[in-house]
Every structure is written in C-alpha cells, then in structure tokens.
Amino acid sequence: MKNKSVGQLPTTVADAPLPTEEVDPDAALVAEFLAGDRAAFDALVRRHQAAVQRLVLRYVKTEADAKDIAQVAFVRAFEKLSEFRGEAAFRTWLFRIAINLALNHVRGTRPDLAPIGDVAAFTTSLETSRLVAAEVWRKVSARLDDLPPKQRLALELRIFHDLSFEEVAAIGGFSVQSAKANFHHAIKRLRDLLPAAT
C-alpha cells in the first residue's frame with residue numbers, strides 16, 4: 001500500500017511521532033521565526049490575536065486596555081521567543097504571558113465583569129437550558145469575581161477558551177489534577193446559583 005503523505009518517511013521507529021503525542025500547530029512558525037523569518041511571527045500574531053484579546057478582556061474589561069495588553073503580550077513573546085523551550089504549546093505560553101500582564105494591570109483593583117456573549121459555552125458547562133443560563137448569567141458573572149483566582153482562571157480557560165486541562169495547568173502554573181479540581185469546584189459553586197428544578 002502506498003503512503004500518501006508528502007515528505008520523507010521516518011527512518012527509524014524513534015523518528016516517528018507517537019500516535020498519542022500532540023503536535024503544536026504553531027511549531028513550524030516558531031521554528032521559522034527562530035531561523036530568522038520575521039514574517040512567521042506576523043502569522044502567529046494573526047492566528048492568535050483575537051483569542052488573546054478575548055482572554056485579556058475577561059480581566060481588564062475595556063476593549064482599549066485589552067488591545068493594549070494583547071499588543072504588549074505579543075511584544076514580550078517576540079522578545080522572549082528565543083527562550084521558549086517548547087515544553088508547552090506556543091499558544092499556552094502566549095496565553096500565560098497575556099494573563100500575567102492582565103493580572104498585573106488589574107492588581108489592587110476589583111474590576112467589573114463585562115457581559116459575555118458566549119452563553120452557549122456557559123450553558124453547556126452548567127448543564128442547563130439556554131434560557132435559564134441567560135437568566136442567571138447576571139448573578140453568575142458577579143459571582144465569578146468571588147471565585148478564588150485559580151478556580152476563576154481554570155473555569156474561564158476551559159469554558160470560554162476551550163483549553164484542555166493540560167493547557168490550563170501550564171498557563172496557571174499548577175498541576176493537571178489541580179486544574180481539574182479548581183474547574184470542578186468553580187462549576188459546583190456556580191451551579192448553586194441555578195434555580196431549583198420544579
């Protein structure tokens with residue numbers, strides 16, 4: 001049977017990627033940038049800019065601040081990419097930079113939570129109907145500020161950015177088990193706000 005893949009086949013079993021091994025979709029662009037191709041970094045910015053701005057907006061609450069902090073995050077990534085070890089995906093590393101900058105921006109203040117239009121993600125995670133989710137969103141959004149920081153981070157990264165627990169752990173700087181526990185504790189606290197079924 002002919003192999004339809006383009007490029008060279010692995011020469012040894014050790015060269016072949018493991019079937020369960022996740023490949024960073026940004027690895028090629030990172031390698032191109034590190035080899036001197038600055039256009040590769042532009043491609044990384046285009047790929048992740050909207051997601052980084054959405055992530056930061058959950059903390060800083062104004063579009064202007066979110067754009068500014070996202071821009072600073074990309075500048076930091078540009079400056080530090082030679083130090084990127086590849087132990088996590090580029091996106092995970094970039095999100096961690098952005099979150100740290102956003103948290104530094106709001107340190108000492110208690111920001112209001114901006115309305116989130118992604119009711120579908122919220123609905124699925126709380127296992128409730130869209131109508132109920134829309135009705136309780138105001139109460140829940142106020143409650144998010146009351147969650148411990150690790151629970152809030154785990155919840156927001158899982159629900160609103162659809163990250164794996166491994167990515168949440170890498171961004172948050174804690175174990176995968178801790179990421180799962182923080183997420184589930186946050187969901188339990190938010191479920192308490194749901195009206196009792198009649």
Side-chain angles (χ1 to χ4, degrees), residues 20-31 33-34 41 43-61 65-111 113-114 116 118 121-122 124-126 140-141 143-190:
T20 58
E21 186 178 289
E22 287 188 33
V23 178
D24 182 356
D26 298 315
L29 288 172
V30 169
F33 173 76
L34 293 174
F41 194 80
L44 289 167
V45 171
R46 284 191 301 276
R47 183 178 287 178
H48 297 290
Q49 189 169 28
V52 169
Q53 285 180 4
R54 281 191 310 269
L55 175 65
V56 171
L57 185 59
R58 299 210 183 278
Y59 294 89
V60 300
K61 310 306 177 232
D65 286 345
K67 286 180 180 181
D68 289 347
I69 291 171
Q71 184 175 1
V72 172
F74 283 109
V75 169
R76 292 268 174 90
F78 181 87
E79 294 170 344
K80 300 289 185 182
L81 196 53
S82 62
E83 299 171 21
F84 176 61
R85 297 185 305 256
E87 294 171 357
F90 171 79
R91 177 180 75 163
T92 302
W93 180 72
L94 178 62
F95 276 22
R96 185 167 190 160
I97 292 170
I99 286 172
N100 286 338
L101 288 169
L103 291 174
N104 287 342
H105 180 79
V106 298
R107 187 169 280 138
T109 63
R110 195 158 177 91
L113 202 66
I116 296 174
D118 197 355
F122 177 69
T124 302
S125 295
L126 292 181
V140 170
S141 64
R143 182 77 181 262
L144 280 177
D145 280 341
D146 296 332
L147 289 176
K150 287 183 180 180
Q151 288 181 16
R152 178 178 175 182
L153 181 66
L155 178 88
E156 289 183 348
L157 292 175
R158 280 291 290 167
I159 292 178
F160 302 115
H161 296 281
D162 199 28
L163 298 184
S164 69
F165 283 115
E166 289 77 13
E167 291 172 306
V168 171
I171 291 169
F174 38 81
S175 71
V176 173
Q177 285 306 101
S178 180
K180 289 178 181 180
N182 281 308
F183 174 77
H184 292 295
H185 286 301
I187 290 294
K188 183 180 182 321
R189 285 183 182 206
L190 294 180

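Predicted, not measured: the structure shown is a model, and the values here were computed from it.
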Side-chain contact test, heavy atoms from C-beta onward, threshold under 4.5 Å: evaluate it for [X] versus [Y] and give yes or no.
X: Phe174; Y: Lys150; result: yes
X: Leu153; Y: Val168; result: no
X: Gln151; Y: Pro148; result: yes
X: Ile69; Y: Asn104; result: no

If you compare all heavy atoms of [X] against all heavy atoms of [Y], which two are closest, and at what distance to 0.1 Å?
X: Ala70; Y: Gln53; result: CB-CG, 3.6 Å
X: Val56; Y: Ala66; result: CG1-CA, 3.8 Å
X: Phe183; Y: Leu155; result: CD1-CA, 3.8 Å

Original post:
Can you name the side-chain hydrogen bond (donor to acceptor under 3.5 Å, both in side chains) partners of Arg91, sequence neighbours left out?
Top reply: Glu167
Subject >> Ser178: partners by side-chain hydrogen bond (donor to acceptor under 3.5 Å, both in side chains), with sequence neighbours left out >> reply: Asn182
Original post:
Under 6.0 Å between the ring centres of His48 and Phe90?
Top reply: yes
Partners of [X] by salt bridge (Lys or Arg N to Asp or Glu O under 4.0 Å), sequence neighbours excluded?
X: Arg54; value: none
X: Asp65; value: none
X: Glu87; value: Arg85

With rounding to the nearest 0.5 Å, note down the distance linking [atom1] in [X] to [atom2] in [Y].
X: Leu147; Y: His185; atom1: CG; atom2: NE2; result: 11.5 Å
X: Leu157; Y: Phe165; atom1: CG; atom2: CZ; result: 11.0 Å
X: Glu166; Y: Ser164; atom1: CD; atom2: OG; result: 4.5 Å
X: Lys80; Y: Leu94; atom1: NZ; atom2: CG; result: 15.0 Å
X: Asp24; Y: Trp93; atom1: CG; atom2: CH2; result: 11.5 Å
X: Gln49; Y: Lys67; atom1: CD; atom2: NZ; result: 8.5 Å

**OP:** Specify whether Phe33 and Phe41 have parallel, tilted or perpendicular ring planes, treating 30° as the upper limit for parallel and 60° as the lower limit for perpendicular.
**Re:** tilted
Original post:
Would you say Arg76 has more than 12 foreign heavy atoms packed within less than 6.0 Å of its CZ?
Top reply: no
Anything under 3.5 Å between a donor and an acceptor, one on a side chain of residues 96-103, the other on a protein residue two or more places apart or in another chain? List them.
from, atom 1, to, atom 2, distance (Å)
Arg96, NE, Ile171, O, 3.3
Arg96, NH1, Ala170, O, 2.7
Asn100, ND2, Arg96, O, 3.3

**OP:** Would you please test Leu163 and Phe95 for side chain to side chain contact (heavy atoms under 4.5 Å, CB included) and show each step?
**Re:** CA-CA 11 Å; Leu163 298 184; Phe95 276 22; 3.7 Å; yes
Subject >> Check against side chain to side chain contact (heavy atoms under 4.5 Å, CB included), Glu156 and Tyr59 >> reply: CA-CA 10 Å; Glu156 289 183 348; Tyr59 294 89; 3.2 Å; yes
